[in-house]
Number of protein chains: 4
Amino acid sequence: MSRIDKKQAILDTALTLFVSQGFYATSTASIAKQAGVATGTLFHHFASKEALMNHLYISIKQEFADGIQSQISQKGDLEKDAQHLWQVAINWAMANPLKQEFFQQYSMSPSIASQVRQQAMNSILGFMGELIHQGQKAGVLADYPLPLMLESCHGQYLAATRYFLDNPESWKDETYKQSSFAMFWNAMKT
Amino acid sequence: MSRIDKKQAILDTALTLFVSQGFYATSTASIAKQAGVATGTLFHHFASKEALMNHLYISIKQEFADGIQSQISQKGDLEKDAQHLWQVAINWAMANPLKQEFFQQYSMSPSIASQVRQQAMNSILGFMGELIHQGQKAGVLADYPLPLMLESCHGQYLAATRYFLDNPESWKDETYKQSSFAMFWNAMKT
Amino acid sequence: MSRIDKKQAILDTALTLFVSQGFYATSTASIAKQAGVATGTLFHHFASKEALMNHLYISIKQEFADGIQSQISQKGDLEKDAQHLWQVAINWAMANPLKQEFFQQYSMSPSIASQVRQQAMNSILGFMGELIHQGQKAGVLADYPLPLMLESCHGQYLAATRYFLDNPESWKDETYKQSSFAMFWNAMKT
Amino acid sequence: MSRIDKKQAILDTALTLFVSQGFYATSTASIAKQAGVATGTLFHHFASKEALMNHLYISIKQEFADGIQSQISQKGDLEKDAQHLWQVAINWAMANPLKQEFFQQYSMSPSIASQVRQQAMNSILGFMGELIHQGQKAGVLADYPLPLMLESCHGQYLAATRYFLDNPESWKDETYKQSSFAMFWNAMKT
DNA sequence: AATGAATGAGCATTCATTCAT
DNA sequence: AATGAATGAATGCTCATTCAT
């Protein structure tokens, strides 16, 4: 196993254990053991348990942002574009249940320094903020205060993925799929 | 200080410290010290640190449910009733910022046994479920799947309180107040 | 074993182990084990290993200062008084070999914060400084710079006790006893 | 940088760090890093951290002995010769403050195997012992037991250098210079 | 009921040393 | 010779919990 493999094995194992047991209930020793490396190796790659957590948080957020932005399409019809975006985003969650669960748990937890959380959030909200702003200028989205709308988007996304992760078969059911988007879209539209 | 005062002092202190430092970063010794009791006393009132946490969680959820239900009014106009409910609920959060923050942090955290979380959730969702069901029968609310709507309600409420707790002055601004309800209502209505 | 006994047992054991193995080679676990208490107990009485060391250092220095000063006699003949003092001081070292060895090892070591060392030193040097000053006014001691004389006294005392602790039978031999004092006294006298 | 340069860089860095931070507080990694070599390189040149320390101790002691012996003069007047020796020895300490500080710290510390310490000590004490013996035969030095005198010499030298290293400007002051020698010489002379 | 000293398992982290490259 | 990633035993310290008073 090469260096990079070891580092990745540590990250993968940490993600699994943090999600299934929680940050504090997961010992660095157990991460190292399950990752197949020595305890020292974990600290060779990450300065501390907290640094490992932060790295995990930021890199997964980035992975999400990259995954979404690469699939965006802007065809002019804002509602269609939004629906596409909504499906892409939930698809990502369904394809990465562990990572999505990670966010559900740690987005509000004190295990992550709020500074790190802010930083990760901004990179994504910047992009969403821009989309909403365009929708408002086009008269398609309501003129609510932007920060409130962003928070609402985030809340609805978390709620929807929470539901679909707990009931994965519903995501294949067009009724559920359409309903979840309808609630999201109606909340924002003019 | 009587027995009951001591028990209450422990609960109050635990709430403050759990919110400001997190569950794991708060030692039982520090709770006892700040509450002005001996370490042993905490364990006379609560079998374990976890039991203290669960007690806190359930009693606050109950307090919330009682606070809301006592102020409900059903005057026949469902939208007006919903708006009143929305304001009452957010008012509660604004009046009890520590308790609301507590939910934001621990609603998804593994610090609370999922069993306890479910139990607390059901008592509130049962009530909300009934309201939604009535709205659908009256043709005012859309016929989306109920569990999805419940999750969405919860998500929107968390998002709105998150925003208003971070920006308390906005809650006095009618624009923000109306906007937050509008998003909530439009998401659910026919 | 009462509380105080436990604390004392920890101090006694720490002294023995620090002297025989050195500060860093002595684990807190080994101190606790040999003292017959739990690891936690050590940290209940001392905030850290370093705090234990400092406590040990200061209390032994104090014990030494008290032991000496209680036996001082000032009969007017400065040389006789000095000889008495010299014997009392070396007797203390011979009666407390562990504690004396402790000073030999740690008086110059970075294991003790220099601040703590200074503080302990001052309490003793203040007393010696006064004696030397009186001897100089009486014309019996040479007018060398005071700090240099203090350092020399200390150095000679450490050298003499080093020798006598390594060769305890020599301290019963009048030739050695007289010689050690002669060197000390001749160095200082007019 | 050649092999020898690297080895020397390691020794120089180790000296600096051992003196400023202590033996145990200095990691081999930090020595290697500051010396500009890889961690493994340190272990190519020295079998262990302890071996590095011993090498340092012995080579500095040798350097000191060589430096002194090369400047000895024996002109027949024992007091003049002794004064010259005293000045040469203290000059060495003032010119090599780091190395002198190293001895102050480690001469009594368990960081150095007592075997190594003895070995280094003997080479110097043999030479001093011979000088004292000659002085006694000539009737200039007092007939105290030799080992006691050697220990006293060593103690006075450590005391004097301790003072002058802490107050370097005093070494340029003839009063201090003369006083320090006077105390040393009076202690030993007939 | 209340106390707080005592407990000891458990944890994050360090660091001298090794060895494949 | 030189490198530096990897190792894992060892350490100082924490903290929920107990129990004699």
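Lettering follows sequence order; numbering is per chain, from 1. This structure is a prediction, so every number in the text was calculated from the model and none was measured.
Judged by atom type and distance alone, B:His44 reaches the base of E:dA2 through a side-chain donor-acceptor pair under 3.5 Å. Not a single donor-acceptor pair, N or O on each side, falls under 3.5 Å between the base of E:dA1 and the side chain of B:Thr41.
Taking the nucleotide of DNA chain E with the nearest heavy atom to each of B:Val37 and C:Thr39, the more 5' of the two is matched to B:Val37. Nearest-nucleotide assignment on DNA chain F puts the 5′-proximal partner with D:His45, out of D:His45 and B:Phe23. Sequence order on DNA chain E of the closest nucleotides to A:Ala47 and C:Leu42 puts C:Leu42 first from the 5' end.
Atom pair A:Tyr24:OH and F:dC15:C1' shows a separation of 14 Å (rounding to whole Å applied). One interatomic measurement links the two molecules: NZ of C:Lys49 to C1' of F:dA10, which rounds to 11 Å at whole-angstrom precision. Going from atom CD1 of C:Ile31 over to atom C1' of E:dA6 covers 18 Å, rounded to whole Å. One atom, CZ of C:Phe43, and another, P of F:dT11, lie 12 Å apart when rounded to the nearest Å. Atom-to-atom, NZ of C:Lys6 to P of E:dG4 comes out at 18 Å; the value is rounded to the nearest Å. In this entry the distance linking CZ of A:Phe46 with C1' of F:dA5 reads 14 Å, nearest Å. The interatomic distance linking A:Lys33 (NZ) with E:dC11 (C1') rounds to 15 Å, in whole Å. For D:Met53 and E:dA16, the CE to P distance is 13 Å, given to the nearest whole Å.
Across B:Ile10 and B:Leu42, no two heavy atoms sit closer than the pair CD1-CA, 3.8 Å. In terms of heavy atoms, C:Gln100 sits closest to C:Leu165 at CG-CD1, 3.4 Å.
Searching all strands for a Watson-Crick or G-U wobble partner of F:dA9 with both distances below 3.5 Å returns E:dT14. Look at E:dA1: it lacks any Watson-Crick or wobble partner with both distances under 3.5 angstrom.
With E:dT3, F:dG4, E:dG8 as the choices, the nucleotide that has an atom nearest any side-chain atom of B:Ala38 turns out to be E:dT3.
Residue D:Ser27 is classed as a sugar-phosphate contact, given heavy-atom separations below 4.0 Å to backbone atoms only. Counting non-hydrogen atoms under 4.0 angstrom, D:Thr26 reaches the backbone sugars and phosphates but no base.
A cation-pi geometry, defined here as NZ or CZ lying under 6.0 Å from the six-membered ring centre and within 45° of its normal, holds between C:Lys61 and C:Phe103.
Proximity of B:Phe18 to B:Tyr106: side-chain heavy atoms (C-beta onward) are separated by under 4.5 Å at one or more points.
The phosphate of F:dG12 has OP1 or OP2 within less than 4.0 Å of a side-chain N or O from C:Thr28.
Using a 3.5 Å distance cut-off with no hydrogens or angles, the side chains of B:Gln119 and B:Gln115 do not pair a donor with an acceptor.
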